[in-house]
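Each remark here refers to the structure printed beneath this line.
Throughout, protein chains are lettered first and strands after them, A, B, ... in sequence-line order, and every chain is numbered starting at 1.
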2 protein chains.
Amino acid sequence: MSISSRFAVGIHILTLLEVNKDEVNSSEFIAASVNTNPVVIRKIMGMLKKAELVYVRPGVAGAELARKLDEITLLDVYKAVEAVPENELFSVHGNPNPQCTVGRNIQAAVLPIFAGAQAVMEKALAHVTIEDIVQSIEEQDKQIE
Amino acid sequence: MSISSRFAVGIHILTLLEVNKDEVNSSEFIAASVNTNPVVIRKIMGMLKKAELVYVRPGVAGAELARKLDEITLLDVYKAVEAVPENELFSVHGNPNPQCTVGRNIQAAVLPIFAGAQAVMEKALAHVTIEDIVQSIEEQDKQIE
DNA sequence: TAAGTTGTAATAAAATTGGTTACATGTAGT
DNA sequence: ACTACATGTAACCAATTTTATTACAACTTA
């Protein structure tokens, strides 16, 4: 299956917090930009908060980034929103038959390869920061008239 | 979410076809090695067949590899079993608000990054063949006593 | 105290996964 | 031709995940 869109929404939220930092970013406002329900935003915001990427307080409207723009990578967001369960991008069938040569060795054969593929993917995400996204968005927006 | 274990099972099947090539590899036999239902195997086998990775005929017991060992990459298997829908490893929320700077540019900002991350991951899979898996399995098995 | 916000539980509909039964279709051997 | 057995599929199911939604408790500020 695809990786949850929570990841893309998380990036959207953090980017918005920067671009719109002079206004009050309530969950309702953010939800209007993402085009979803405010509760969805609050849930994702809770995950971002737990990962110490944003600063939010119960009762008080608006959220802010908890780190500098270039200190939040997409990998941070990816992990924060649990885009993938338990660090397992690939799932492996459990309990193959230990009486079969292939069955008793397939997991050990396949796991390091999956780990490697996952690692290069995550590294690609780690090279991009929210600052890059903000820049990209502002540049693109200039070209729209 | 995680990538379907169909991928791992597909690798298991192809590896088994080689390691056990002197016997008849019926769906029932393969299912016993994978430890699942024969119908699950036949469904995945159908996908591998469609991708021309295996040779199977209705009515006749046993399947065989349709290519040489080193001409089947894990990426071939990954695509054959549709481990990920429509080539979209990452999903992006639809319809963000076009009246918001972030909303109207987030997709364009994020898509190339997702495509890049997906590409490096797939490249890692493309570098490994079923031959590598077979070797790895036979080497590991020697060390078990 | 009142108004508005966040945090969270409960629920729901849709989609996907892995499994299972049932059976039609196809092949080979007698 | 008949039998035995295998593959190919359709239909269905339970479990899980995703996204959306309602409801409401807890909290903050004016």
Check your understanding: Is it true that the side chains of B:Thr36 and A:His93 contain a donor and an acceptor less than 3.5 Å apart?
Key -> no
Check your understanding: Heavy-atom distance under 4.5 Å between the side chains of A:Glu138 and A:Val19, does that happen here?
Key -> yes
**Study point:** Partner set under ring pair (Phe, Tyr, Trp, His ring centres under 6.0 Å) for A:Phe29, not counting sequence neighbours
**Key:** none
Cut-off 3.5 Å, no hydrogens considered: what does the side-chain donor-acceptor table look like for residues 69-85 of chain A, sequence neighbours left out?
residue, atom, partner, partner atom, Å
A:Thr73, OG1, A:Leu75, N, 3.3
A:Thr73, OG1, A:Asp76, N, 3.1
A:Thr73, OG1, A:Asp76, OD2, 3.2
A:Asp76, OD2, A:Arg67, NH1, 3.4
A:Asp76, OD2, A:Thr73, N, 2.9

**Study point:** Protein-to-nucleotide contact annotation, 5' to 3' order, nucleotides 11-21 of chain C [B base; S sugar-phosphate only; - none; under 4.0 Å, heavy atom]
**Key:** -----SSSBBB
Review point. Among residues 95-106 of chain A, which residues get a heavy atom nearer than 4.0 Å to DNA chain D?
Key: none
Practice item. List in numerical order all residues of residues 8-34 of chain A for which some heavy atom is under 4.0 Å away from an atom belonging to DNA chain D. Key: none
Point to revise | For atom CD1 of A:Ile41 and atom C1' of D:dT19, their distance in whole Å | key: 11 Å
Practice item. Give me the other members of the hydrophobic cluster that B:Met1 sits in, counting Ile, Leu, Val, Met, Phe, Trp and Tyr linked by side-chain heavy atoms under 4.5 Å, directly or via other members. Key: A:Met1
**Study point:** hydrophobic_cluster_shared for B:Leu48 and B:Val60, side chain cutoff 4.5 Å
**Key:** no
Check your understanding: Among all residues two or more places apart in sequence or in another chain, which pass the side-chain hydrogen bond (donor to acceptor under 3.5 Å, both in side chains) test with B:Ser91?
Key -> none
Check your understanding: Just how large is the angle between the end axes of the helix from C:dT1-D:dA30 to C:dT30-D:dA1, five pairs per end, to 10 degrees?
Key -> 20°
Check your understanding: Which pairs count as ring-ring contact (aromatic ring centres under 6.0 Å, His included) when at least one residue sits in residues 36-64 of chain A, sequence neighbours excluded?
Key -> none
Exercise for review: Each residue besides A:Val120 in its hydrophobic cluster should be listed here, by chain and number; the cluster joins Ile, Leu, Val, Met, Phe, Trp and Tyr at side-chain heavy-atom distances under 4.5 Å.
Suggested key: B:Val120
Study note, to complete from the structure: Hits for side-chain hydrogen bond (donor to acceptor under 3.5 Å, both in side chains) against B:Asn37, two or more places apart or cross-chain, chain-then-number order -> none
Practice item. Check each residue of residues 44-64 of chain A for a non-hydrogen atom within less than 4.0 Å of any atom in DNA chain D, then write out the ones that pass by number, or none. Key: A:Arg57, A:Pro58, A:Gly59
